[in-house]
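Per chain, numbering begins at 1; letters A, B, ... match sequence-line order.
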Amino acid sequence: MKVFPAVCLLLCVGCGSDRGDHRGQPQSEISGEWFIDDSEKAGLDFVHFNGMTGRFYPPESMAPGVALLDYDNDGDLDVFLVQGHVLGGHTHGDLPLLAREPMSPGGRLFRNDLKVAADGTRTLHFTDATARSGIDARGYGMGVAAGDFNNDGCVDVYLTNFGPNHLFRNNCNGSFTDVSKQSGTADPAWSVSASFVDYDRDGWLDLFVANYLDYAVENDHPCPSRTGERDYCDPSAYRPTQSRLFHNDRNGRFSDVTASALVGGDFGPALGIATADFNGDGWIDMYVANDGQPNQLWINQHDGTFTNTALAAGAAVNGAGRATASMGVDAGDFDEDGDEDLFFTNLTQEMSTLFVNAGSGVFEDGGQNSGVALSSRRYTGFGTGWFDFDNDGWLDILSVNGAVRRLEALVRARDPFPFHQKKLLLRNVGQGRFEDVTDRAGTVFQLSEVGRGAAFGDVDNDGDMDVLVGNDAGHVRLLVNNIGNSNHWVGVRVVGKSTPRPSNGSARPERVQGRDMLGARIAVVADDGRTRWRRARADGSYASANDPRVLVGLGRSTRVRTVRVTWPGGVTEEWTAVMVDRWTTLEEGTGR
Amino acid sequence: MNHGTRVSALVLAGSLAALAAACAPGNSANTPRSRQELQPCTLPDYSKMEESVQAQMRDRYGALTSLTASSTADAAELGLAHGEMGKLLMAAGYVEAAGPCFLNAHALTPQEPRWPYYLGRVYLSKDDLKQAAAFFEKTLSLRPDDEAALVSLGSTRLTLNEPDAAESAFDKAFSAHSQSAAALAGLGRIALARRDYPRAVQRLEAAASLSSQSSVVQYHLATAYRALGDTVRAEAYLKQAGVLELLPDDPLMRELDDLLQSSIEYQLRGDTAMHESNWALAIAHYRKASELAPSDPIARHKLGTAWFFAGEIPPAVRQFEEALRLSPGFAKARFSLGLIMASKGDMSRALEQMATAVKDDPGYIEARLRLADMLRQAGRWSESLAQYEQVTRLAPQMAEGSLGAASALIGLKRYEEARQRLIAGQQRYPDRQEFARALQRFTFR
């Protein structure tokens, strides 16, 4: 169990780089690549294996998700990567098409052994800690959610699978215990994304599981193209299966409250989930992205139930009136008007969707006017997120991409896995507009891969957002940001109240650190007078778990006037002495 | 050209320099000076295509090869052969492969409006919207009133965020075709994009009035009315909204729909015929689909369904049974057989088929609901209750599960539980009056 002294209520846990200070420089003047793939150098030795044997089983094209989480509470982000295997069993001569099966099957946990030298130089190194962790994740992995469901100050891991899901409870000593069955969360459906969310404000994280299709290998049927050639099926070939909302019973168990909580029971083939307070009433809502069917906007009714208002709110289908493929999704205030907007990725030619929140949970499709739609038209997007990669204070967008049906040009080139596409980086230039800066972002952005999961976080604690990318049948990528800390920033980790540690006679410190308060709303007022709004969240993107901390770019501002935190329980507190270019922990109950 | 030269297996017109620029729309010198300037019109690897489609590819490619090798073929013939090859490739979904063929056709017969239209479609698929727009404009220079080209141009310009140019195209389409719902819908979308909501309403209402179908126009109308603060109308249109686009009549693209001789294409044609309640045509298409893919249980099931709707039960049963022979776990065929047996009053075998369908596919809600109904009708209350409970769990959005469960509870004389179930259903499905009616009956009990 992670404990810390009660006196340490406001704690600087990391510091910005002391490399030559070029903050405030226009990004065009920053030399070098904006992002560099450091996965290999840092020891993230992982290749996703989808088990494809030419039978085109749908799950093969839908994974993997990735996670950034600090499972050992040492202040840096560790990594969890999901893994696949051959589906349907091997038959004679039926070997995987792309790669050998991995020597170590199942999902992998990598511990971050970040070293910061006296001169501020950072060295990332990851160590495979799977065996020591006790995590045995041999299901056909799809995604990861991370959250401390039992309030012991250590983040737990929920793995979504094609098959029963797994909940691993963190024992706070580097190991985990599989509590899937006793917790009641071993949902057997094909799940993709999941989110830990305290929807009833009781201080305990509940769990939403986004389920996709009612598909079993035994019921697989071929989905020929117009010419009779086999390809992956369109989702309409199978029925959607109901997503699940699990209420945390505060005793290690969850109750399935789907039927009573989601009034009307609407569902579709869900791939993504983002939680935020979309109508500004102080209660957390849920947005569910469905593949090819209308999305749901579940508005919290403050009594343990939700009403789906998506259609009336203009958030069910895009501005053209079409239900799109809606894979990855994220909520964020990109236009700095204090409400949370939505971005989600779609199929090639459908164009990604930007829903601009009018302030009361009613949305307008802003894709066309923002430039987002046209820039994304050629991509099938999956993992995505709002992140301010250059710390100018405006939320930008990354999507990792890869087709779901064979791409003609690649088929003609006899590519063995003809689905790969480049990533897309869109920079927020203000005034509600975005520019495509992919070609300026570095050589890693020129790689064409089958991108699926993407997790956002400051992996090297240097004050800018890095990105972990999961590629289907490909290498994991760690996109280390080299441009963000050219501007000033403030980083906050918001945690719940520390509690007395149950006495066991040991000499360990007397208080247990509160957990990351997912759902907390943070307003940062800088000396430029601007208020930047962010939310502590680990969900969003596609099948992935993000850094729960909040990093706010300040541009050239060198001082923060106030940091205001509205806790999930509804109370707002304020801090005035938060340092810039530092990570700071803010504990509930210690502000003004 | 040396006519004695043999063409390679995949590349027509020899290994000649591709001069795409020469064929670009607007280029006055877009007729190739010689056949050497044609682009390679190549076939994709078709070895994994259905045999019937492979034959089509071989035949058409062979015709083109022969013509190319012939010294007597003129530009019109050669252009047509390239264009037809492009059409087949495009119908097969090989849009990039179709592009050079259409470019050649366009270069050889620059006065023919079909080829630039197809090229516009090719470039739309390739996400080169500017080229697409240029080819639609080229089509319009040859056939100024072409509704499909005008609407396609308008839509492309709208996607390019060029509302003025889009409006001009939709305006021309509407001037030339006063009944063009697609043109009016386009004009409505432009007004919406400009936040000119009264005009959007005017145009979209006009578009909706020209089409009897539910479409995305109703969604746009809801958006416009919501912006105008008329939530009642907005709500009403939201309820009517459909997923169909209002598209112009497009004979050139329709031609492609009928081109490919594959099982899946015949199934799609059969689906369209079913949608139009043209059972005889649906039977013909599905029969062809089954002939082309004799081991496909889905085609058999569709053929059986078409026979059933045509009122011909014995051939329907034969097809469902054949589907099951091909795929014993094919629950849809079991379900269909169960329905037929129930309609004949053979409840015991019907129940057996439904139970097997549910066992083979536990998430098959329609089958489970029908099984529950049959069990209830047979007075097997407990078993029916269990099935209704499963329906509620698997498909909580369906009120039928709750209604059925209440009914089964009444059969079991568990009246208070039934009443509670109806009250809960009434709260959960406020639009379903059946709960209130059933509760009313309860008060008289």
Side-chain angles (χ1 to χ4, degrees), chain A residues 189 213-216 218-219 221-231 238-242 256 258-260 262-267 293-294 308 311-314 316-323 348-349 351 362 364-365 368-369 371 373-374 377-379 405-409 411-412 414, chain B residues 42 44-46 48-53 91-97 124-125 127 129 158-161 189 192-193 215-220 223 226 234-235 238 241 243 245 260 262-265 268 292-293 296-298 327 329 331 360-361 363-365 392-398 428-429:
Chain A
L213 295 175
D214 182 11
Y215 169 82
E218 299 74 40
N219 295 336
H221 57 76
C223 292
S225 71
R226 296 155 124 185
T227 59
E229 294 164 282
R230 278 201 79 163
D231 204 341
Y238 297 95
R239 288 185 298 269
T241 188
Q242 169 88 45
D256 183 347
T258 313
S260 56
L262 305 182
V263 177
D266 297 337
F267 70 94
Q293 292 192 19
N308 175 22
L311 195 59
V317 294
N318 71 8
R322 281 189 288 263
T348 301
Q349 299 209 354
M351 302 182 278
V362 174
E364 187 177 347
D365 189 338
Q368 200 76 27
N369 292 334
L374 206 51
R377 194 180 141 89
R378 70 185 58 179
Y379 301 107
R405 292 182 77 92
R406 301 179 318 147
L407 293 170
E408 183 192 344
V411 170
R412 297 184 79 201
R414 298 182 185 277
Chain B
T42 63
D45 174 5
Y46 57 79
K48 288 183 180 153
M49 294 180 186
E50 224 169 274
E51 184 48 52
S52 53
V53 181
Y94 283 87
V95 178
E96 296 203 17
L124 269 188
S125 293
D127 200 48
L129 301 184
L158 199 53
T159 308
L160 282 164
N161 217 10
R189 279 170 58 201
L192 261 186
S215 69
V216 294
V217 165
Q218 279 83 8
Y219 183 81
H220 295 315
T223 306
R226 189 176 63 196
E235 188 83 9
L238 275 179
V243 296
E245 296 281 335
L260 218 57
S262 70
S263 173
I264 197 81
E265 285 290 301
L268 291 172
L292 289 170
D296 180 1
I298 295 172
S327 174
D360 288 342
D361 187 357
Y364 193 175
I365 302 300
T392 309
R393 198 186 70 77
L394 292 167
Q397 83 284 12
M398 284 177 73
R428 198 151 150 207
Y429 311 102

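- For chain B, the nearby parts of Glu229(A) are the backbone and the side chain; heavy atoms of each come within less than 4.5 Å.
- Counting all heavy atoms, side chain and backbone alike, His220(B) lies closest to Gly319(A) at CE1-O, 3.0 Å.
- Of the possible donor and acceptor atoms, none in the side chain of Gln242(A) sits under 3.5 Å from a partner among the backbone N and O of Gln397(B).
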Criterion side-chain contact (heavy atoms from CB on, under 4.5 Å) on Gln368(A) and Leu158(B), from CA distance to verdict: CA-CA 9 Å; Gln368(A) 200 76 27; Leu158(B) 199 53; 5.8 Å; no

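- A salt bridge links Glu265(B) to Arg226(A): one of the charged nitrogens lies within less than 4.0 Å of a carboxylate oxygen.
- Across Gly314(A), Ala316(A), Ala216(A), the residue that shares the most heavy-atom pairs under 4.5 angstrom with chain B is Gly314(A).
- In this structure, chain A has no heavy atom under 4.5 Å from any part of Ala241(B).
- At a 4.5 Å heavy-atom cutoff, Asp296(B) makes no contact with chain A through either its backbone or its side chain.
- Contacts with chain A were tallied for Val217(B), Leu124(B), Leu292(B); Leu124(B) has the most, counting heavy-atom pairs under 4.5 Å.
- Shortest non-hydrogen contact noted between Ala92(B) and Leu260(B) is CA-CD2, 3.7 Å.
- Heavy atoms closer than 4.5 Å to chain B are found in the side chain of Arg239(A), but not in its backbone.
- For chain A, no part of Arg189(B) is nearby; none of its heavy atoms comes within less than 4.5 Å.
- For Arg406(A), the part sitting under 4.5 Å from any heavy atom of chain B is the side chain, from C-beta outward, and nothing else.
- If you tally non-hydrogen atom pairs under 4.5 Å between each of Leu160(B), Ile298(B), Asp361(B), Val53(B) and chain A, the highest count goes to Asp361(B).
- Annotation: maximal heavy-atom pairing with chain A below 4.5 Å, among Glu51(B), Glu245(B), Glu235(B), occurs at Glu245(B).
- Neither the backbone nor the side chain of Ala373(A) has a heavy atom closer than 4.5 Å to any heavy atom of chain B.
- Checked by atom type, the side-chain pair Thr159(B)/Arg377(A) shows no donor-acceptor distance below 3.5 Å.
- Separation of atoms CZ (Phe267(A)) and CG (Leu394(B)) is listed at 8.0 Å; rounding is to 0.5 Å.
- Rounded to the nearest 0.5 angstrom, Glu96(B) CD and Ser125(B) OG are separated by 9.0 Å.
- Proximity to chain A is absent for every atom of Leu268(B), based on heavy atoms less than 4.5 angstrom apart.
- Looking at Leu129(B), the atoms closer than 4.5 Å to chain A (heavy atoms on both sides) all sit in the side chain, from C-beta outward.
- Contacts of Glu364(A) with chain B are made by side-chain atoms alone, with heavy-atom separations under 4.5 Å and no backbone atom involved.
- By number of non-hydrogen pairs under 4.5 angstrom with chain A, the leading residue of Ala331(B), Ser52(B), Ala91(B) is Ala91(B).
- A pairwise comparison of heavy atoms in Met49(B) and Pro44(B) identifies CE-CG, 4.2 Å as the closest pair.
- Put simply, of Pro222(A), Gly265(A), Pro224(A), the one with the most heavy-atom pairs under 4.5 Å next to chain B is Gly265(A).
- If you measure heavy-atom distances from Asn318(A) to chain B, the contacts under 4.5 Å come from the backbone alone.
- Using a cut-off of 4.0 Å between Lys/Arg side-chain N and Asp/Glu carboxylate O, Arg393(B) and Asp256(A) are scored as not salt-bridged.
- Remark: the backbone N or O of Lys48(B) is not paired with any side-chain donor or acceptor of Arg230(A) at under 3.5 angstrom.
- Across Gly93(B), Ala293(B), Ala97(B), the residue that shares the most heavy-atom pairs under 4.5 angstrom with chain A is Ala97(B).
- The parts of Leu238(B) that come within reach of chain A are both its backbone and its side chain, each placing non-hydrogen atoms under 4.5 angstrom from that chain.
- Listed options Val317(A), Asp365(A), Leu262(A), Thr348(A) were ranked by heavy-atom pairs under 4.5 angstrom with chain B; first place goes to Val317(A).
- Between the CD1 atom in Ile365(B) and the OG1 atom in Thr392(B) there is a gap of 9.5 Å [rounded to 0.5 Å].
- Between Met351(A) and Leu374(A) the shortest heavy-atom distance is SD-N, 4.2 Å.
- With chain B as partner, the option from Leu311(A), Val263(A), Asp214(A) having the largest number of non-hydrogen pairs under 4.5 angstrom is Leu311(A).
- If you measure heavy-atom distances from Glu408(A) to chain B, the contacts under 4.5 Å come from the side chain alone.
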